[in-house]
Amino acid sequence: MSDAGYDHESVERRWQEAWDEADAYRTPDDIEDPTYVLGMYPYPSGKLHMGHVRNYTITDAYARFRRMQGDEVLHPMGWDAFGLPAENAAKERDTNPRDWTFDCIDTMRDQMNAMGFGYDWDREIATCTPEYYQWNQWLFSRFHDEGLVERRDAEVNWCPHCETVLADEQVEGEAELCWRCDTPVEQRELEQWFLKITEYADELLEDIDDLEGWPNSVRQMQRNWIGRQYGTELDFAIDGYGSVEAFTTRVDTIHGATFFALAPDHPISEAVAEEDEDVRQFIEHEADPEGDEPNGVETDLTATNPVTGDEIPVYVADFVLSDVGTGALMAVPGHDERDHAFAQKMDEEIKPVIAPKPEDWDGETVPDAPDVSEEAFTDDGVLVNSGDYSGLKSEVARERLTDEIDSAEEATQYQLRDWGISRQRYWGTPIPVVHCHDDCGAVMVPEEDLPVELPEFINTTGNPLDAAEEWKRTTCPECGGEATRETDTMDTFVDSSWYFLRYVSPGAEDVPFDLEQANDWMPVDQYVGGIEHAVMHLLYSRFFTKVLADHEGLEHREPFTNLLAQGMVQLEGEKMSKSKGNTVSPQRIVEEYGADTARLFMMQAAQPERDFDWSEEGVRSTYAFLGRLKGMVEDYVADEPDGENDTVASYVDAEIDATIAIASEEYDDLTFNRALRETQDLTRTLRQYATHADPHPATYERGLSAVVRLLAPVAPHLAEELWDDLGNDDLVADAEWPTAEVDRDHVRKRRQLVQNTREDIRDIVEVAGIEEPTGIDVVIAPEWKYDALEIAIESDADNLIGELMQESHIREQGDAAADYGQDLQAEREALSMTLSPGEEHAALESAAWLIEREFDAPVRVVRAADADDSVLKNATPGRPGIEIDD
RNA sequence: GCGAGGGUAGCCAAGCGGCCAACGGCGGCGGACUCAAGAUCCGCUCUCGUAGGAGUUCGUGGGUUCGAUUCCCUCCCCUCGCACCA
């Protein structure tokens with residue numbers, strides 16, 4: 001057989017047409033609760049890349065598996081169709097974002113079909129259509145009604161290259177670069193629309209615990225992102241400025257607060273700068289919040305420590321951030337590393353007020369103060385130098401101090417900020433607001449006037465919406481006077497925060513999604529996508545789902561039950577990327593080897609969540625495998641064998657069961673690589689069988705039929721072809737998953753026995769230097785040894801031998817029983833039950849052909865009763881005796 | 001620095017208390033088939049060994065256990081995420 005493979009092109013075309021004709025992947029609206037399998041919808045950039053292919057092969061394989069298992073399945077696809085690249089592309093090509101986007105969508109849809117992905121295209125959505133984005137606007141206005149929308153001045157991340165605002169999450173790394181174009185991000189003050197995700201911070205955080213179907217890494221990333229911290233807010237008085245609120249998680253260290261620090265843009269800092277030249281100089285020129293070095297300048301002010309009454313110096317310092325806590329902090333250099341570094345630099349006092357808790361602490365005695373001159377002690381401990389509070393544990397002191405300081409109260413801080421959704425771009429959902437020229441302010445566009453549709457694209461450097469004069473001019477819905485449309489569009493993450501709900505009822509005209517249907521069909525059972533969305537998309541989707549549950553009657557508070565973050569496809573250990581120029585084009589692979597090969601290679605190469613290396617060699621061997629399988633089926637059909645249902649057939653039959661049992665479990669766990677390995681092993685076994693003997697037709701066909709179906713989720717086209725060859729009238733996509741009634745433990749033991757026996761024979765032949773064996777006897781251990789083993793496992797008597805000898809049929813064995821008893825005693829704790837003598841006999845009998853074939857000598861599997869004592873001596877349960885003649 | 005996940009034979013990579021010298025793949029070696037090559041199939045691939053044996057291994061050093069690659073601790077290294085976060 002050659003490695004020429006097969007005519008994949010005609011096979012794939014034929015079955016794609018057949019699926020089309022049969023509407024094989026439609027999910028009718030009237031079903032109860034389908035298994036919802038979803039891959040993160042792509043941005044239509046123009047071409048599928050390997051990452052897409054991997055992502056969507058995973059969902060497709062799983063969806064097909066579930067369908068064959070008898071589930072109803074919802075497996076839709078759509079397009080994350082708004083976004084900046086379309087605008088840039090339109091400018092470059094002198095077209096408009098809409099046409100460019102729809103061209104890309106058409107191309108990618110064709111490519112997906114060429115890959116054989118089984119989507120219900122009747123549910124396709126594209127977020128850039130008014131039919132979709134009107135619901136973004138509707139949701140925005142509903143959020144507004146519920147007080148979850150806010151317009152406020154905000155310092156925003158501004159990318160000068162993209163001319164747009166970026167969310168914090170879109171700013172990458174320490175250098176603060178734009179996630180799309182790697183331009184350094186600047187800060188700008190703009191009026192922005194925000195969604196108040198912080199209102200849901202607690203629930204978003206706490207519910208993470210219940211997301212058991214999510215990877216830990218993603219859960220942890222979300223926890224970090226939300227960043228909840230409990231602490232104390234309290235006032236320090238600064239003369240001339242009244243009281244200033246500071247937040248601290250370590251109020252227990254307050255006696256060690258030796259100075260106070262304000263953010264450069266704190267109102268007091270700004271006021272001081274008016275009069276103090278040094279402070280102004282610092283704020284305007286020296287402050288460098290990004291730098292590693294903590295910088296600051298001392299003011300003439302002092303702050304009063306509310307506990308000690310001490311007057312401590314006030315600094316303006318760049319390591320104090322206005323958006324963390326209150327933008328003002330009490331500095332405790334003895335117990336905070338950053339404060340320590342700053343105090344050393346400014347030569348401020350460093351005072352120990354917490355001592356490590358002594359190991360044998362009595363709970364009262366005040367320990368000695370630690371030396372904090374060189375390094376801060378940052379752990380909790382026991383208070384010292386803290387007046388009445390000395391001798392308390394940190395934890396207790398925090399509670400008492402928060403209680404007893406007049407201005408202090410418990411406070412919770414979050415790292416999570418409200419979600420700024422304003423973008424100064426064209427290709428997005430217009431924010432449905434008009435600005436009244438009179439006094440009505442910013443007014444929501446009434447529901448009946450939605451959607452606010454995008455005007456024609458204008459090619460300009462700024463925001464094209466700002467240049468659309470006619471579109472901008474409108475009337476105020478409240479007073480009827482002149483008004484101007486809001487020109488900001490929404491962050492595209494708004495679109496993706498609920499698209500999974502739209503698939504449920506994509507044609508709904510009066511609602512974003514059919515509530516009843518969504519309540520039945522949601523949540524998504526299996527969601528698959530890249531780890532890059534661990535925070536943003538997945539957090540926003542959870543937020544939307546919770547809001548919809550609170551205000552729109554959705555009966556689910558989490559959108560995705562199980563999440564799989566798929567690994568990268570790499571080339572020689574490096575991530576494939578256009579900029580590195582190390583991409584492999586899916587299109588080329590499909591042309592050369594076919595979609596099935598590409599899919600099968602990817603799924604068998606690694607577990608879905610792991611990275612793996614693309615290998616042309618691996619692709620070729622996968623292709624060859626499919627070709628060989630096709631040959632096997634064709635040979636079988638062309639010339640049906642008529643072998644006996646003998647022991648060899650029984651071996652093959654047992655292997656078929658074993659493979660089905662294992663592969664089914666692995667498919668269920670999405671560990672396709674293991675399922676496919678088993679399937680390929682079985683294929684090899686079948687081929688060996690056909691080479692070795694004239695196969696028993698029913699057994700052989702059962703094997704082929706199982707292999708074809710086990711492969712169908714991953715290599716669907718060829719599976720259809722072979723299923724058809726085997727004489728089936730239905731589509732394999734609709735076929736029943738093969739079943740087997742064996743448990744994996746039994747399979748494991750059986751395979752182990754055969755494997756060990758074969759290895760032992762090889763060992764003996766090798767070590768004894770037997771050139772040409774003339775006969776091999778495999779002898780099952782006598783029944784009494786199995787009994788003895790069972791007794792040994794169950795017994796907890798000290799003297800096992802004694803216990804065994806109570807059984808007369810064991811005692812009768814004399815020395816042999818004593819010897820075996822010794823062996824059992826020695827391995828007492830490690831014993832486990834083997835197959836029964838009868839099962840061992842059957843297993844070895846059916847595997848005897850493998851040994852005969854290998855050594856070219858007759859093999860007898862002998863029961864103990866028919867064997868010589870000399871061989872029996874070495875035979876134990878799980879380990880037959882072996883006698884080789886030469 | 002904090003958090004998460006890792007470190008397994010030449011390489012990739014399973015296993016996560018006992019048939020574990022450790023699945024599988026790649027690479028290498030030998031054999032069958034072939035005129036030959038390729039493909040395919042069968043073995044071998046830590047060391048020693050003339051009947052299935054023995055010895056040394058799973059980042060480092062300890063510990064728990066009858067028994068540890070598997071559990072606990074120390075340290076070292078890698079990858080990812082977060083980070084002047086008060």
Side-chain angles (χ1 to χ4, degrees), chain A residues 1-4 174 215-225 227 229 231-232 246-251 253 261 263 288-295 317-321 323-332 336-339 341-342 378 413-415 531 534-535 573 604-607 610-613 615 617-618 620-621 624-625 627-628 671 673-674 677-678 680-681 684 687-688 691-692 748-749 751-753 755-770 826-832 834 850 853-856 871 874 876 878-884 886:
Chain A
M1 207 178 296
S2 80
D3 63 342
E174 214 136 318
N216 277 333
S217 57
V218 174
R219 296 208 274 173
Q220 197 55 38
M221 281 160 80
Q222 294 213 349
R223 286 191 192 103
N224 289 343
W225 191 260
Q229 267 192 312
T232 303
F247 175 81
T248 177
T249 54
R250 291 297 305 274
V251 71
T253 63
D288 174 23
E290 268 89 61
D292 288 340
E293 181 82 355
N295 301 305
D318 62 4
F319 64 85
V320 185
L321 308 177
D323 62 348
V324 174
T326 60
L329 61 85
M330 66 173 208
V332 185
D336 180 281
E337 277 169 27
R338 186 207 45 222
D339 294 349
F342 191 74
T378 58
Q413 285 286 327
Y414 300 88
Q415 201 172 300
I531 188 74
V535 176
Q604 63 165 33
Q607 290 180 23
R610 304 191 82 106
D611 298 343
F612 78 93
D613 258 21
S615 138
E617 181 60 41
R620 272 197 288 271
S621 89
F625 166 78
R628 284 197 300 277
T671 40
N673 56 327
R674 291 196 207 126
R677 183 161 94 196
E678 286 295 329
Q680 294 191 346
D681 281 352
R684 187 185 310 185
R687 191 165 45 236
Q688 289 171 348
T691 321
H692 176 263
R748 217 197 69 240
K749 282 179 176 158
R751 286 185 171 175
Q752 190 103 51
L753 173 70
Q755 179 76 5
N756 285 352
T757 306
R758 293 178 67 191
E759 275 169 15
D760 282 347
I761 295 171
R762 278 179 212 131
D763 259 9
I764 295 168
V765 168
E766 161 93 24
V767 175
I770 299 170
E827 286 175 72
R828 197 75 187 274
E829 309 287 339
L831 299 172
S832 64
T834 59
L850 291 168
R853 200 187 45 160
E854 185 174 340
F855 296 96
D856 200 22
V871 195
N874 291 325
T876 59
R879 189 123 206 234
I882 295 164
E883 168 104 331
I884 301 174
D886 59 345

Heavy-atom nearest nucleotide on RNA chain B taken for A:Asp760 and for A:Ser217; more 5' hit belongs to A:Ser217

Answer with yes or no whether the side chains of A:Gln220 and A:Arg223 bring together a donor and an acceptor at under 3.5 Å. yes

In whole angstroms, the gap separating C1' of B:C26 from CD of A:Gln604 amounts to 13 Å

Checklist line | P-based separation of B:A13 from B:U40 [nearest Å] | finding: 24 Å

Taken to the nearest 0.5 Å, the spacing of A:Arg879 CZ from A:Thr834 OG1 works out to 13.0 Å

Worksheet item: If the C1' atom of B:A9 is compared with that of B:C26, how far apart are they to the nearest Å?
Response: 14 Å

When rounded to whole Å, the CG to P distance for the pair A:Asp613 and B:G25 reads 18 Å

If we take the C1' atom in both B:A32 and B:A37, what is their distance in whole Å? 16 Å

note: A:Arg687, atom CZ; B:C42, atom C1'; distance rounded to Å ~ 13 Å

Roughly how far apart, to the nearest Å, are B:G59 and B:A68 at atom P?
15 Å

Ionic contact status for A:Arg620 with A:Glu617, cut-off 4.0 Å:
yes

On RNA chain B, more 5' by nearest nucleotide between A:Thr248 and A:Gln755 is A:Gln755

For B:G52, does the base pair up with any side-chain atom of A:Asp763 as donor and acceptor (N or O, under 3.5 Å, distance only)? no

Out of B:C19, B:G18, B:G52, minimum distance to the side chain of A:Asn756 belongs to B:C19

By the Watson-Crick or G-U definition, both distances under 3.5 Å, B:C82 is matched with B:G1

*asked:* Taking B:C78 as the reference, what is the distance to B:G27 when you measure between their P atoms (whole Å, please)?
replied: 31 Å

Checklist entry - Say you pick atom P in B:U70 and the same atom in B:C84; how far apart are they, in whole Å? => result 38 Å

NA contact type, A:Gln752, heavy-atom cut-off 4.0 Å: base, sugar-phosphate, or nothing? sugar-phosphate

**Prompt:** Is any side-chain N or O of A:Arg677 under 3.5 Å from a base N or O of B:C23, one able to act as donor and the other as acceptor?
**Reply:** yes

Strictly distance-based, threshold 3.5 Å: is any side-chain N or O of A:Ser615 a donor or acceptor partner for the main-chain N or O of A:Gly618? yes

A:Arg620 side chain N/O closer than 4.0 Å to the phosphate oxygens (OP1, OP2) of B:G38?
no

A:His692 atom NE2 is separated from B:C42 atom C1', nearest whole Å, by 13 Å

For A:Gln229 and B:A83, is the shortest distance between a side-chain N/O and OP1 or OP2 below 4.0 Å? no

Review point. Is the distance from OP1 or OP2 of B:C44 to the nearest side-chain N or O of A:Arg758 less than 4.0 Å?
Key: no

Separation of B:G31 atom P from A:Glu854 atom CD, nearest Å, is 16 Å

I'd like a list of close polar pairs between nucleotides 11-13 of chain B and the protein, N/O only, cut-off under 3.5 Å.
none

Whole-Å distance, A:Arg762 CZ to B:G31 C1', equals 13 Å

Notebook entry, point to check: What integer number of Å spans the P atoms of B:G28 and B:A39?
Noted result: 11 Å

What integer number of Å spans the P atoms of B:U60 and B:C11? 15 Å

